[in-house]
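Quick notes on the structure that follows.
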Amino acid sequence: MATTVTHRRTRARRLYTGEPHATALNEVRRHRDVLPAASAPAQQDLEARVLAVLVGEFGVHRPGGLGGPFALSWVGPREDSLVLAVAEPYRERVLRCLLEAGGTPGPEQRRPAGQWITLVHPAGGTLLLPRDHGPVLLHAGQDPAARPFSGTPRGALPDWAAQPGGRERASTVLRRIRLFEGHGTVDFHTALPDDAVLAGPHPELLVRARRPRVIAVVNSKGGHGCSSLATGLAQALAGQGHRVLYLLTSRGVQDGPGLQGHRWPEADPGLAAVAEDPERHVRPLPGLGYSFVRCSAPGADGPDQARQLALLLRHPSIDRAFSHVVIDASPTGLPRAAAHTADLTLAPWRPMPRPPGRQVTEVHLTPLGEAWAWIEAAYQEFEDSEPDEQEGYDAYEERLEQFARENGRTETDDELDDGLARRLFLRDTDEAGRRRWGARWEAARDGWIAHLRHESNHGWDEAAGARVPRTLSDQEWQTALHSWVAWAADEVLWGLPASTGRRRPWLVPTTRMPADVVRTIGEACTAQGLRMSSTVLPDLGNQVLPASRARWEDCVRQLAGEACAQLPR
């Protein structure tokens, strides 16, 4: 039955978009909608501008003579972008229209390794073109004087451009443009088609099936409050009148403000068993207002587990009983599978990084310090090139033993742990060091290990260089802040699917910081392409006092409202 439904949805999508079968099938499997609407207002604005430019360029025309309406052979609607494939005889003409629709400055063209050329417009929104459009696009972009217009479409703007709801309607028309392939003439200047025309022959397949909304609380590193946030979020949603299922995908005892004094059921049937028969395993939680199911797949967190989670959430018993599902996917559970399955992914972030200070200390190396830095870099490269096979390790250990027998062991070897290996490395690099540093090599070679021992015991060795304090410029400080935020966020987002649209993970700060610091870090997250919730959860610490727990629950309720606003309707 699932295959039959998928094929029906694929055929319906092809009728509305004209896509090739393989592309339409992949998109139907990827999206829950046959024809997803643009998820961002900026994407809708861009698509409305594209349609207005095409209307101004072609006017009233016959699709049969152009290879499709506005010479578009097929379109590929996605939540965060739109694929446009243009009939070959009119390709350059249409691509100039797409460049004009971006306004000034023009779109940023990116050429990924995949099958699409990406046009990212400055005002927001993304268009995708097949790779064979590349040479024509390059020619159209290099010849701006040949573009048909400058800033506005030729002639007056369409009548629907200034009407309420015109942007959304224009986006829908462009995404279903192949419905008008068989029309004798197409005139979209006066008015856009009504809902009855846009519904097409299969309106029943365009309606999203009723299903619970899924929020995954995930993390790639423990200790950030993943379970506390998940249970608190489930309790807050239940308090708002939603029917909530709490799905725990990790083993071990979970604690947190929503779980004080509560013992989880010991049974852990496994994810596959729960996906096949959730009615046997879903249990109510007395006093908490939501239901619970515990499952895991030890040692596995990949596409198979994501499919099992999707099957579980589509089961009729889940669909009938619950309106929301909260997945607690800590690092020991299924964070990747949960993030692939959820409508919204939240990643708690504790502690939030503090902006770097303006005052820094630079190190100006002496000539001897420069030589020591060169030796250290060469030794690091030597360590990184370790033997791949056991025989190589055995041979290297034999070399170390032979070197120790010939030269004896020193006190430094024991202090630095790998001092013997460093001395062997210096002997091996003696010739290269003499060529690189000349007369300075003798002093650098003899003093390098002594410098390391002095540095580990007393801190900075003044023989290597001088420390000079200075103040960072605004640009340097912004660069340092962005780098620090990206590194800190990578700790909790590592390995998670950083997909676009609604599924991109939201960072949830779980610590108390001044408002100006939170605002600064939020701006840095935006610059790095990261999304951060406006709600900052207080850090409870090890002891949960009544006052701090009440404040924490208020913040979680606020976060629940913010999360519900991001869920699909």
Under a 4.5 Å cut-off applied to non-hydrogen side-chain atoms, are Val508 and Val217 in contact? no

- Take atom CD of Glu431 as the centre, draw a 6.0 Å sphere, and report whether it contains more than 12 heavy atoms from other residues, nucleotides or ligands. no

Looking only at heavy atoms, the pair that brings Arg358 and Ser473 closest together is NH1-O, 3.7 Å

Residues at least two apart in sequence or cross-chain that pass ring pair (Phe, Tyr, Trp, His ring centres under 6.0 Å) with His451, listed by chain then number, are Trp372

Looking only at heavy atoms, the pair that brings Met532 and Cys525 closest together is SD-SG, 4.2 Å

Heavy atoms of Gln43 and Ala38 approach each other most closely as CG-CB, 3.7 Å

(message) For Arg354, is the CZ atom crowded, meaning more than 12 foreign heavy atoms sit under 6.0 Å from it?
(response) no

Applying salt bridge (Lys or Arg N to Asp or Glu O under 4.0 Å) to Asp132 and not counting sequence neighbours gives none

Sorted by chain and residue number, the salt bridge (Lys or Arg N to Asp or Glu O under 4.0 Å) partners of Arg519 (sequence neighbours excluded) come out as none

One should read off an interatomic distance between Thr249 OG1 and Gln305 CD, to the nearest 0.5 angstrom, of 10.5 Å

CG of Leu344 to CD1 of Ile327, rounded to nearest 0.5 Å, is 11.0 Å

Across all chains, not counting sequence neighbours, the side-chain contact (heavy atoms from CB on, under 4.5 Å) partners of Glu401 are Arg405, Arg409

When rounded to the nearest 0.5 Å, the distance separating OG of Ser483 from CD of Gln478 is 12.5 Å

(request) Spell out, as yes or no, whether a donor-acceptor pair under 3.5 Å connects the side chain of Thr510 to the backbone of Trp349. (result) yes

Applying salt bridge (Lys or Arg N to Asp or Glu O under 4.0 Å) to Arg470 and not counting sequence neighbours gives Glu362, Glu476

| Do the non-hydrogen side-chain atoms of Leu507 and Leu493 ever get within less than 4.5 Å of each other? | yes

Residue set satisfying side-chain contact (heavy atoms from CB on, under 4.5 Å) with Pro355, at least two apart, ordered chain then number -> Trp477, Leu481, Val517, Thr520, Ile521

Residues Cys226 and Asp328: closest non-hydrogen pair is SG-OD1, 3.8 Å

Those residues at least two apart in sequence (or on a different chain) that pass side chain to side chain donor-acceptor pair (under 3.5 Å) with Gln475 are none

CG (Asn219) and OG (Ser227) are apart, to the nearest 0.5 Å, by 10.0 Å

task: With the side chain counted from C-beta on, respond yes when Leu229 and Leu559 share a heavy-atom pair under 4.5 Å apart, and no when they do not.
output: yes

Sequence neighbours excluded, the answer for ring pair (Phe, Tyr, Trp, His ring centres under 6.0 Å) partners of Phe425 is Tyr379, Phe382

- Query: When you look at CH2 of Trp374, are more than 12 heavy atoms from neighbouring residues, nucleotides or ligands closer to it than 6.0 Å?
  - Reply: yes

Residues passing the side-chain contact (heavy atoms from CB on, under 4.5 Å) test with Ala486, sequence neighbours excluded, are Gln528

In short, Ile117 meets Pro130 closest at the heavy-atom pair CD1-O, 3.8 Å

Side chain to side chain donor-acceptor pair (under 3.5 Å) filter on Asp516, not counting sequence neighbours, yields none

Hits for side-chain contact (heavy atoms from CB on, under 4.5 Å) against Leu311, two or more places apart or cross-chain, chain-then-number order -> none

When rounded to the nearest 0.5 Å, the distance separating CD1 of Ile375 from OG1 of Thr429 is 7.0 Å

Heavy-atom closest pair (Ala404 atom, Leu420 atom, distance to 0.1 Å) is CB-CD2, 4.0 Å

Exercise for review: Give a yes or no answer on whether the side chain of Arg91 reaches the backbone of Val86 with a donor-acceptor pair at less than 3.5 Å.
Suggested key: yes

d(Leu334 CG, Gln308 CD) to nearest 0.5 Å is 9.0 Å

Sorted by chain and number, sequence neighbours left out, salt bridge (Lys or Arg N to Asp or Glu O under 4.0 Å) with Asp430 holds for Arg434, Arg445

- Decide whether Glu562 and Thr535 meet the rule of one side-chain donor and one side-chain acceptor closer than 3.5 Å. yes

